[in-house]
Amino acid sequence: MLVMILKAFLSSFFATLGFGILFNIKGKNLLWASVTGAIGGLVYKFCLYLNINDYVSNFIAALCLSFCAEVLARKYKNPVTTYIVCSLIPLVPGAALYRMMTYALKGALLKALERGCYMIGVAGSLAVGILLVSTVFKIYSRCKVKRESIC
């Protein structure tokens with residue numbers, strides 16, 4: 001299990017690092033974005049290890065990844081997208097898209113539709129996870145501002 005955790009962490013870290021370089025993220029932001037992506041990949045693999053299905057695993061990983069990105073964005077005064085966009089790349093269902101297109105080109109439309117539905121479900125769970133954390137942070141920020149203006 002330790003090997004699985006280490007492989008998940010390192011592969012997600014370097015995938016995020018590569019996309020961070022591609023997206024021109026600099027300095028400590030690149031390092032923190034890579035760590036955020038590694039945490040997301042690690043949580044995803046750990047959930048799969050616990051026999052949680054793919055959709056819920058992606059949702060939980062997106063929650064953790066998004067939470068880390070929101071905290072880092074506030075700490076270093078950067079946009080949240082600096083961390084989320086490249087950190088999310090290891091969780092994106094690219095293999096499902098490839099298989100869907102392969103099945104569609106071969107004429108196996110039922111299998112292509114199945115892969116497409118899976119891909120949309122995973123992408124939706126990632127989006128809902130990010131949206132949930134973002135909404136909670138916005139509500140918290142507004143309540144904090146209102147409390148300070150009352151005092």
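Everything numeric here is computed off the predicted structure, so don't read it as measured data. For the numbers below, each heavy atom of this structure counts, side chains included, while hydrogens, waters and symmetry mates do not.
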Inset, instruction - Consider only side-chain heavy atoms of I, L, V, M, F, W and Y, link residues closer than 4.5 Å, and tell whether Leu31 and Leu10 are in one cluster. - result: yes

Legend entry - CA sep, side-chain torsions, deciding dist, call: Ile25, Cys86, side chain to side chain contact (heavy atoms under 4.5 Å, CB included): CA-CA 9 Å; Ile25 298 174; Cys86 61; 3.5 Å; yes

Legend entry - Positive for side-chain contact (heavy atoms from CB on, under 4.5 Å) with Ile39, one of Ser34, Cys68, Ser87, Ser12: Cys68

Inset, instruction - Would you name the heavy atoms of Gly116 and Met100 that are closest together and state the gap between them? - result: CA-SD, 3.4 Å

Inset, instruction - Could you tell me whether the side chain of Asn53 reaches within less than 4.5 Å of the side chain of Leu48, counting heavy atoms only? - result: no

Legend entry - Joint cluster assignment, Phe46 & Ile60, ILVMFWY side-chain distance < 4.5 Å: yes

Inset, instruction - Quick one: pull up CG in Leu42 and CE in Met4 and give me the separation to the nearest 0.5 Å. - result: 7.5 Å

Legend entry - Nearest non-hydrogen partners of Ile84 and Ser66, listed with the distance: CD1-OG, 3.9 Å

Legend entry - Lys7 backbone acceptor or donor facing Ser11 side chain under 3.5 Å: yes

Legend entry - Sequence neighbours excluded - ring pair (Phe, Tyr, Trp, His ring centres under 6.0 Å) pairs with any residue from residues 96-125: Tyr55-Tyr118

Legend entry - Side chains of Trp32 and Tyr76, donor plus acceptor under 3.5 Å: yes

Inset, instruction - Show your working on side chain to side chain contact (heavy atoms under 4.5 Å, CB included) between Phe137 and Arg142 and close with a plain yes or no. - result: CA-CA 9 Å; Phe137 266 82; Arg142 287 184 182 162; over 6 Å; no

Inset, instruction - Decide whether Val43 and Val56 are clustered together by the hydrophobic rule: side chain heavy atoms of Ile, Leu, Val, Met, Phe, Trp, Tyr closer than 4.5 Å, transitively. - result: yes

Inset, instruction - Over all heavy atoms of both residues, which pair between Leu126 and Asn58 is shortest? Give the atoms and the distance, please. - result: CD2-O, 3.5 Å

Inset, instruction - Using a cut-off of 6.0 Å, state whether more than 12 heavy atoms not belonging to Leu22 lie near its atom CG. - result: yes

Inset, instruction - Give a yes or no on this: more than 12 heavy atoms of other residues, nucleotides or ligands lie within 6.0 Å of atom CE of Met101. - result: no

Inset, instruction - Over 60° means perpendicular and under 30° means parallel, so classify the ring planes of Phe9 and Phe13, tilted if in between. - result: parallel

Inset, instruction - Check whether more than 12 heavy atoms from other residues, nucleotides or ligands sit under 6.0 Å from atom CZ of Phe59, and answer yes or no. - result: yes

Legend entry - Pairwise distance CG(Asn29) to OG1(Thr82) - rounded to 0.5 angstrom: 6.5 Å

Legend entry - Hydrophobic cluster membership, Leu65 vs Val35, 4.5 Å side-chain cutoff: no

Inset, instruction - Without swapping roles, check the side chain of Ser57 against the backbone of Ile52 for a donor-acceptor pair under 3.5 Å. - result: yes

Inset, instruction - Heavy atoms only: give me the nearest Gly41-Leu91 pair and the separation to one decimal. - result: CA-CD2, 4.4 Å

Inset, instruction - Determine the minimum heavy-atom distance between Tyr83 and Ala69, stating which atoms define it. - result: CB-CB, 3.7 Å

Legend entry - Minimum heavy-atom distance between Arg74 and Ser141, given as atom pair plus value: NH2-OG, 3.6 Å

Legend entry - Interatomic distance, Glu70 atom CD to Ile130 atom CD1 [nearest 0.5 angstrom]: 9.5 Å

Legend entry - In one Ile/Leu/Val/Met/Phe/Trp/Tyr side-chain cluster, 4.5 Å: Leu72, Ile21: yes

Legend entry - Reported NZ-to-OG1 distance for the pair Lys111 and Thr102, which is rounded to 0.5 angstrom: 11.5 Å

Inset, instruction - I would like to know whether Thr16 and Thr36 meet side chain to side chain contact (heavy atoms under 4.5 Å, CB included); could you show each step before the answer? - result: CA-CA 8 Å; Thr16 306; Thr36 303; over 6 Å; no

Inset, instruction - Measure the spacing between NZ of Lys138 and CG of Leu131 and express it to the nearest 0.5 Å. - result: 9.0 Å

